[in-house]
Amino acid sequence: MSFSQKIIFWYSANKRSLPWRNTKDPYKIWLSEIMLQQTRVSQGMPYYERFVEQFPTVHDLAKASEEEVLKLWQGLGYYSRARNLHTTSKLVSEKYNGNFPNTYKELLSLKGVGDYTASAIASFCFNEAQPVVDGNVYRVLSRYFGIDLPINSTEGITYFKALSLKVMDANQIADYNQGIMEFGALLCAPKNPYCLHCPLSDSCVALQKGKINVFPVKLKKAKVKERYFNYLVVLDKFNHIEIRQRRGKGIWQNLFEFPLLETEKEYSLEEVKKTMGAILELKEASEIYQFNEKTIVHRLSHQHLHTKFWIVKSEEKRKNGVSFDKLKEYPVPVLIAEFINAFKF
DNA sequence: AAAGCGGGGCC
DNA sequence: GGCCCAGCTTT
């Protein structure tokens with residue numbers, strides 16, 4: 001059996017039952033693929049179910065507001081995916097009459113759809129012979145063929161796409177693509193792969209050389225940035241809380257948060273009192289204290305956010321104030337959602 | 001070519 | 001603590 005035949009055979013016996021495997025609806029395939037970008041199946045699954053429930057068709061998604069979409073996306077991360085999802089849904093709904101493009105090339109033009117996602121939709125829905133190259137595929141191919149080109153270098157990306165085109169089964173592209181990803185996720189795992197039960201072990205270069213843990217080769221990434229956040233939770237005389245929407249570049253674009261004082265280091269109560277005027281028009285605060293005893297370190301992939309929540313009580317009526325119940329309806333980062341859950345009047 | 005973008009789970 | 005996950009876009 002060829003490489004692709006072994007993959008397809010293994011897949012037929014070992015595939016998981018996943019909700020988006022019961023359909024060829026391009027809308028649902030597209031939705032699932034966007035959600036699963038850099039995201040584990042187990043994490044994306046409940047979001048997929050909720051989206052399909054709330055937005056059964058691309059038209060339903062297109063009619064929603066961005067805030068609704070972001071709220072349903074809350075907690076899944078990489079929020080540009082949600083914004084692009086919404087943009088593309090409106091395009092498909094309004095300009096394409098609800099029909100997704102049916103070729104790899106046209107799919108690539110959609111916002112949020114890159115090489116992987118275009119290949120996935122084109123192959124799963126329309127049987128177009130485009131191989132998917134995701135993290136699983138990089139791992140399987142680099143090990144099996146012993147390729148030490150960094151998978152996140154331009155040269156590596158080109159090489160693995162070309163190699164994929166060579167080894168794929170164009171006549172069973174959907175099963176081949178699903179199969180190699182499933183194989184990478186379940187058997188040829190990043191750590192402790194099940195080489196003893198591997199149908200490809202006879203001819204796996206990495207295994208034969210005892211270099212399973214060397215592949216895939218990856219260029220190392222930039223180091224994590226430390227940031228210091230002071231959230232000012234302003235409670236006015238109506239017990240309304242001031243919120244703002246993050247605009248511009250950076251993390252959490254278009255999500256809501258409290259007025260934020262970002263500093264170069266951790267700030268004390270005195271330092272916050274002294275400088276909060278820069279971001280807050282506040283005549284006088286009757287009371288201010290730190291809510292969390294210890295600094296919260298919210299860890300993102302690329303940033304550590306050292307965070308203090310300061311409760312600021314004011315006798316004024318504040319603008320942009322919302323009640324505690326309303327607050328829960330806004331899309332917010334997990335860091336803020338956890339504060340809201342912990343906060344009691 | 002490199003940087004930026006979330007959050008969670010596993011070792 | 002580091003690594004990785006059905007990657008894409010912007011600089």
Side-chain angles (χ1 to χ4, degrees), chain A residues 11 15-16 18-21 29-48 70 73-85 87-88 107-121 123-124 130-140 150-158 160-161 164 174 176-186 188-193 213 215-225 227 246 248-255 297-305 331-338:
Chain A
Y11 177 61
K15 71 174 179 180
R16 290 169 291 183
L18 301 174
W20 45 87
R21 285 191 174 149
I29 298 298
W30 163 74
L31 178 61
S32 69
E33 292 304 340
I34 302 295
M35 285 183 166
L36 294 175
Q37 289 166 5
Q38 293 291 284
T39 304
R40 289 169 199 283
V41 165
S42 57
Q43 190 187 1
M45 183 111 68
Y47 286 85
Y48 174 81
L70 285 172
W73 197 273
Q74 182 178 310
L76 197 53
Y78 284 160
Y79 297 93
S80 66
R81 293 184 294 170
R83 298 190 301 270
N84 289 335
L85 186 84
T87 300
T88 293
L107 286 160
L108 261 185
S109 71
L110 302 176
K111 266 194 183 168
V113 175
D115 182 82
Y116 164 78
T117 305
S119 301
I121 301 171
S123 62
F124 300 160
Q130 281 291 338
V132 292
V133 187
D134 74 334
N136 294 304
V137 176
Y138 281 122
R139 188 168 55 254
V140 173
I151 61 171
N152 53 346
S153 66
T154 303
E155 193 183 359
I157 291 167
T158 306
F160 281 98
K161 179 77 180 184
S164 297
Y176 169 74
N177 276 343
Q178 294 270 11
I180 192 168
M181 289 193 287
E182 193 82 330
F183 183 80
L186 300 183
C188 194
K191 290 178 181 171
N192 305 321
N213 293 317
F215 299 103
V217 174
K218 206 168 183 178
L219 265 31
K220 59 170 181 278
K221 42 198 165 177
K223 77 185 230 295
V224 174
K225 186 177 180 187
R227 299 176 72 180
R246 286 184 73 93
K249 309 210 173 297
I251 57 172
W252 302 333
Q253 197 176 34
N254 294 7
L255 273 65
V297 185
H298 189 68
R299 295 165 195 282
L300 306 179
S301 296
H302 326 277
Q303 307 181 13
H304 289 171
L305 308 177
V332 296
V334 166
L335 174 61
I336 301 293
E338 287 177 343

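Proteins come first, then strands; the chains are lettered A, B, ... in the order of their sequence lines, and each starts at number 1.
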Whole angstroms only, please: what is the [atom1]-[atom2] distance between [X] and [N]?
X: Glu182(A); N: dC5(C); atom1: CD; atom2: P; value: 14 Å
X: Ile180(A); N: dC5(C); atom1: CD1; atom2: P; value: 13 Å
X: Met45(A); N: dG9(B); atom1: CE; atom2: P; value: 14 Å
X: Tyr48(A); N: dA6(C); atom1: OH; atom2: P; value: 17 Å
X: Leu219(A); N: dC3(C); atom1: CG; atom2: C1'; value: 15 Å
X: Asp115(A); N: dA6(C); atom1: CG; atom2: P; value: 17 Å
X: Arg81(A); N: dT10(C); atom1: CZ; atom2: C1'; value: 17 Å
X: Leu300(A); N: dC5(C); atom1: CG; atom2: P; value: 19 Å

Which part of the nucleic acid does [X] contact within heavy-atom distance under 4.0 Å: base, sugar-phosphate only, or nothing?
X: Ser301(A); result: base
X: Gly184(A); result: nothing
X: Thr117(A); result: sugar-phosphate
X: Asn177(A); result: nothing
X: Val137(A); result: nothing
X: Gly250(A); result: sugar-phosphate
X: Leu76(A); result: base
X: Val132(A); result: nothing
X: Arg139(A); result: sugar-phosphate
X: Leu18(A); result: base

State which of [options] makes the closest approach to the side chain of [X].
X: Ile251(A); options: dG2(C), dC5(C), dG6(B); answer: dG6(B)
X: Lys218(A); options: dA6(C), dG7(C), dC5(C); answer: dC5(C)
X: Tyr79(A); options: dG7(B), dC5(C), dA6(C); answer: dG7(B)
X: Lys191(A); options: dC11(B), dC8(C), dA6(C); answer: dC11(B)
X: Arg40(A); options: dC8(C), dG8(B), dG2(C); answer: dG8(B)
X: Lys249(A); options: dA6(C), dG7(B), dT11(C); answer: dT11(C)
X: His302(A); options: dA6(C), dC5(B), dC8(C); answer: dC5(B)
X: Tyr78(A); options: dC5(C), dG7(B), dC5(B); answer: dC5(B)

(message) Can you tell me whether the side chain of Thr39(A) and the base of dG6(B) have a donor-acceptor pair closer than 3.5 Å?
(response)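 Yes.
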(message) Checking side chain to side chain contact (heavy atoms under 4.5 Å, CB included) between Tyr78(A) and each of Gln38(A), Gln37(A), Met35(A), which is the one that passes?
(response) Gln38(A)
(message) Against Tyr116(A), only a single residue in Asp134(A), Val133(A), Leu36(A) fulfils side chain to side chain contact (heavy atoms under 4.5 Å, CB included); can you say which?
(response) Asp134(A)
When the [atom1] atoms of [M] and [N] are compared, how many Å lie between them, rounded to an integer?
N: dG8(B); M: dT9(C); atom1: P; answer: 24 Å
N: dG6(B); M: dC3(C); atom1: C1'; answer: 15 Å
N: dA3(B); M: dA6(C); atom1: C1'; answer: 23 Å

(message) Would Tyr79(A) and Asn254(A) count as a side-chain contact (heavy atoms from CB on, under 4.5 Å) here? Give the steps.
(response) CA-CA 9 Å; Tyr79(A) 297 93; Asn254(A) 294 7; over 6 Å; no
(message) Can you work out whether Arg299(A) or Asn192(A) has the more 5'-proximal nearest nucleotide on DNA chain B?
(response)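 It is Arg299(A) whose nearest nucleotide is closer to the 5' end.
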(message) Both Gln253(A) and Glu155(A) contact DNA chain B. Taking the nearest nucleotide for each, which residue is further toward the 5' end?
(response)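 Upstream on the strand: Glu155(A).
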Hey, is the side chain of [X] poking within less than 4.0 Å of OP1 or OP2 on [N], counting only N and O atoms?
X: Gln38(A); N: dG7(C); value: yes
X: Gln303(A); N: dC5(B); value: yes
X: Trp73(A); N: dC5(B); value: no

(message) Test side-chain contact (heavy atoms from CB on, under 4.5 Å) on Leu18(A) and Met45(A); report intermediate values, then the result.
(response) CA-CA 8 Å; Leu18(A) 301 174; Met45(A) 183 111 68; 4.0 Å; yes
(request) Kindly determine whether Leu255(A) and Ile336(A) satisfy side-chain contact (heavy atoms from CB on, under 4.5 Å), including the steps that lead there. (result) CA-CA 10 Å; Leu255(A) 273 65; Ile336(A) 301 293; over 6 Å; no
(message) Would Arg83(A) and Trp73(A) count as a side-chain contact (heavy atoms from CB on, under 4.5 Å) here? Give the steps.
(response) CA-CA 10 Å; Arg83(A) 298 190 301 270; Trp73(A) 197 273; over 6 Å; no
(message) More than 12 heavy atoms of other residues, nucleotides or ligands under 6.0 Å from NZ of Lys161(A): yes or no?
(response) yes
(message) Using heavy-atom distances to pick each residue's nearest nucleotide on DNA chain C, tell me which of Asn136(A) and Lys111(A) is more 5'.
(response)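 Its nearest nucleotide being more 5', the pick is Asn136(A).
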(message) Let me spell it out: for each of Asn84(A) and Arg16(A), pick the nucleotide of DNA chain C with the closest heavy atom. Which residue's pick is nearer the 5' end?
(response) Arg16(A)
(message) Ring-plane angle category for Tyr138(A) and Phe160(A), please: parallel below 30°, perpendicular beyond 60°, tilted otherwise.
(response)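 The rings of Tyr138(A) and Phe160(A) stand perpendicular, inter-plane angle above 60°.
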